[in-house]
Number of protein chains: 2
Amino acid sequence: MELKEAKEKFIAAWGAFGTQWGINRTMAQIHALLLISEEPLSSEEIMNQLNISRGNVNMNVRELLSWGIVHKVLKLGERKEFFTAEKDIYKTAIQIMKERRKRELVPVLDLLADLEEVQIENDASGHFKMVMSEIYSFGQNTNKMLDKMVKADEHWFTGSLMKFLVKR
Amino acid sequence: MELKEAKEKFIAAWGAFGTQWGINRTMAQIHALLLISEEPLSSEEIMNQLNISRGNVNMNVRELLSWGIVHKVLKLGERKEFFTAEKDIYKTAIQIMKERRKRELVPVLDLLADLEEVQIENDASGHFKMVMSEIYSFGQNTNKMLDKMVKADEHWFTGSLMKFLVKR
DNA sequence: TTAAACTTTCAGAAAATTTTGAAAGTTTAA
DNA sequence: TTAAACTTTCAAAATTTTCTGAAAGTTTAA
């Protein structure tokens with residue numbers, strides 16, 4: 001396989017997977033492109049390589065920055081901003097966990113805490129409370145687990161946690 | 001808070017979260033409704049409670065069945081099919097992990113295995129191969145980890161794994 | 001059989017999301 | 001200053017996803 005062909009395959013596939021993972025195609029493609037680009041790229045270069053508009057690049061790069069998996073790079077003597085993806089895949093994974101925890105898990109826990117205040121009126125509300133409290137306690141455990149993972153040193157994944165999980 | 005109000009809040013919220021989790025609103029709402037319904041519900045009842053069409057119910061219930069987190073229930077002496085959600089939230093979580101592993105992780109690993117076959121032509125392809133192999137090895141580790149989780153007894157989450165993750 | 005009860009399908013409509021590109025805004029060099 | 005280089009915004013257009021509901025298909029009881 002040629003390098004160019006392989007790169008194109010990777011970008012296309014990462015984009016398609018992205019939509020399954022709940023992020024949009026272009027955002028995933030930009031991420032893929034930056035991952036395989038050794039040097040940081042400018043908006044212009046991203047536009048050209050992926051054949052997308054300036055606005056689209058701007059919007060999705062900002063989103064990737066907000067996820068903390070793409071960084072802004074300033075080159076000496078250049079006006080333009082350049083962008084590069086975090087190349088350490090473990091750091092990237094941790095960063096994504098962190099963000100998803102914040103954006104998705106925490107709001108669910110807040111909701112469940114609220115809903116547990118429902119009055120027990122009859123058997124039906126007994127069932128409801130039980131479901132809420134099961135989900136809540138599961139969510140709290142997951143939350144704690146993610147917290148440990150995120151706070152652990154950056155090589156937790158290859159360290160004792162990974163050994164515990166994989167080797168036993 | 002009234003039970004009815006709390007139920008509506010839960011269904012609405014679960015639906016909204018669902019879209020963030022990468023599944024569609026209605027599918028998540030049906031799941032929420034079935035979770036808090038003590039008795040299995042028919043398509044008719046789901047239609048009425050969520051104000052959605054017959055086709056929509058059929059499609060999304062089938063999807064939930066294919067995820068293995070909703071089950072078909074036949075009542076003696078009834079023609080209709082009824083549906084109920086898996087109430088054990090740990091089982092549900094494991095089932096979702098299993099499916100996501102199959103649908104999302106395995107295809108990525110297959111792709112990466114392919115792409116690692118790219119020829120080393122120059123420094124640029126060296127970088128590409130390195131990124132591919134890092135992602136591949138991360139994916140394999142994740143895969144093994146999920147495999148252990150899925151194969152562990154159904155209370156892994158509250159058992160030694162959870163203790164290891166949370167208590168240390 | 002047959003017809004009522006129920007489930008599935010799917011083309012078109014509706015809704016939601018994503019993308020474009022031109023205009024407005026900002027920064028910097030001279 | 002100012003004007004070129006660059007970034008951001010956002011309304012409208014394009015695309016994708018989801019939903020509807022009527023028609024077709026299937027199952028069951030009698």
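What's counted below: heavy atoms across the whole structure, side chains too, no hydrogens, waters or symmetry copies. Nothing here was measured: the structure is a model prediction, and the numbers come from that model. We name chains A, B, ... by the order of the sequence lines, and we start the count at 1 in each one.
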Inset, instruction - Go through the steps for A:R54 and A:E44 under the test salt bridge (charged side-chain N to carboxylate O under 4.0 Å, His left out), then give the verdict. - result: CA-CA 7 Å; A:R54 184 174 302 286; A:E44 204 73 20; 3.2 Å; yes
Inset, instruction - Treat a base pair as Watson-Crick or G-U wobble with both distances under 3.5 Å, then lay out DNA chain D in dot-bracket form, 5' to 3', with | for cross-strand pairs. - result: ||||||||||||||||||||||||||||||
Rounded to whole angstroms, how far apart are [atom1] on [X] and [atom2] on [N]?
{"X": "B:I46", "N": "D:dT20", "atom1": "CD1", "atom2": "P", "answer": "14 Å"}
{"X": "A:K80", "N": "D:dA5", "atom1": "NZ", "atom2": "P", "answer": "10 Å"}
{"X": "B:M47", "N": "C:dT7", "atom1": "CE", "atom2": "P", "answer": "11 Å"}
{"X": "B:N48", "N": "D:dG21", "atom1": "CG", "atom2": "P", "answer": "13 Å"}
{"X": "A:L74", "N": "D:dA5", "atom1": "CG", "atom2": "C1'", "answer": "15 Å"}
{"X": "B:E78", "N": "C:dT7", "atom1": "CD", "atom2": "P", "answer": "11 Å"}
{"X": "B:N58", "N": "C:dA11", "atom1": "CG", "atom2": "C1'", "answer": "16 Å"}
{"X": "A:Q20", "N": "D:dT17", "atom1": "CD", "atom2": "C1'", "answer": "14 Å"}

Legend entry - Sugar-phosphate, base or nothing in reach of A:E81, heavy atoms under 4.0 Å: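 Here A:E81 touches the backbone only, sparing every base.
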Inset, instruction - Report the residue from A:N143, A:T142, A:D114, A:I135 that forms a side-chain contact (heavy atoms from CB on, under 4.5 Å) with A:L109. - result: A:N143
Inset, instruction - Using a strict cut-off of less than 4.0 Å between a Lys/Arg side-chain nitrogen and an Asp/Glu carboxylate oxygen, indicate whether B:E134 and A:K87 qualify as a salt bridge. - result: no
Legend entry - Electrostatic pair A:E63:A:R103 at N-O distance under 4.0 angstrom: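 Judged by the 4.0 Å cut-off on N to carboxylate O distance, A:E63 and A:R103 do form a salt bridge.
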Legend entry - Under 3.5 Å: donor-acceptor pair, side chain of A:E86, backbone of A:D88: yes
Legend entry - Test item: side-chain donor near acceptor, B:E45 and B:S42, under 3.5 Å: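 Yes, B:S42 and B:E45 have a side-chain donor paired with an acceptor closer than 3.5 Å.
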Legend entry - Exercise: do A:N60 and A:N56 side chains pair donor with acceptor under 3.5 Å: yes
Inset, instruction - Let me know which of A:K75, A:K72, A:R62 forms a salt bridge (Lys or Arg N to Asp or Glu O under 4.0 Å) with A:E81. - result: A:K72
Legend entry - nucleotides 16-30 of chain C: protein proximity per nucleotide (B base, S sugar-phosphate only, - neither; heavy atom, under 4.0 Å): --SBBB-----BB--
Inset, instruction - Tell me whether the centres of the aromatic rings in A:W21 and B:W21 are closer together than 6.0 Å. - result: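 Between A:W21 and B:W21, the centre distance exceeds or equals 6.0 Å.
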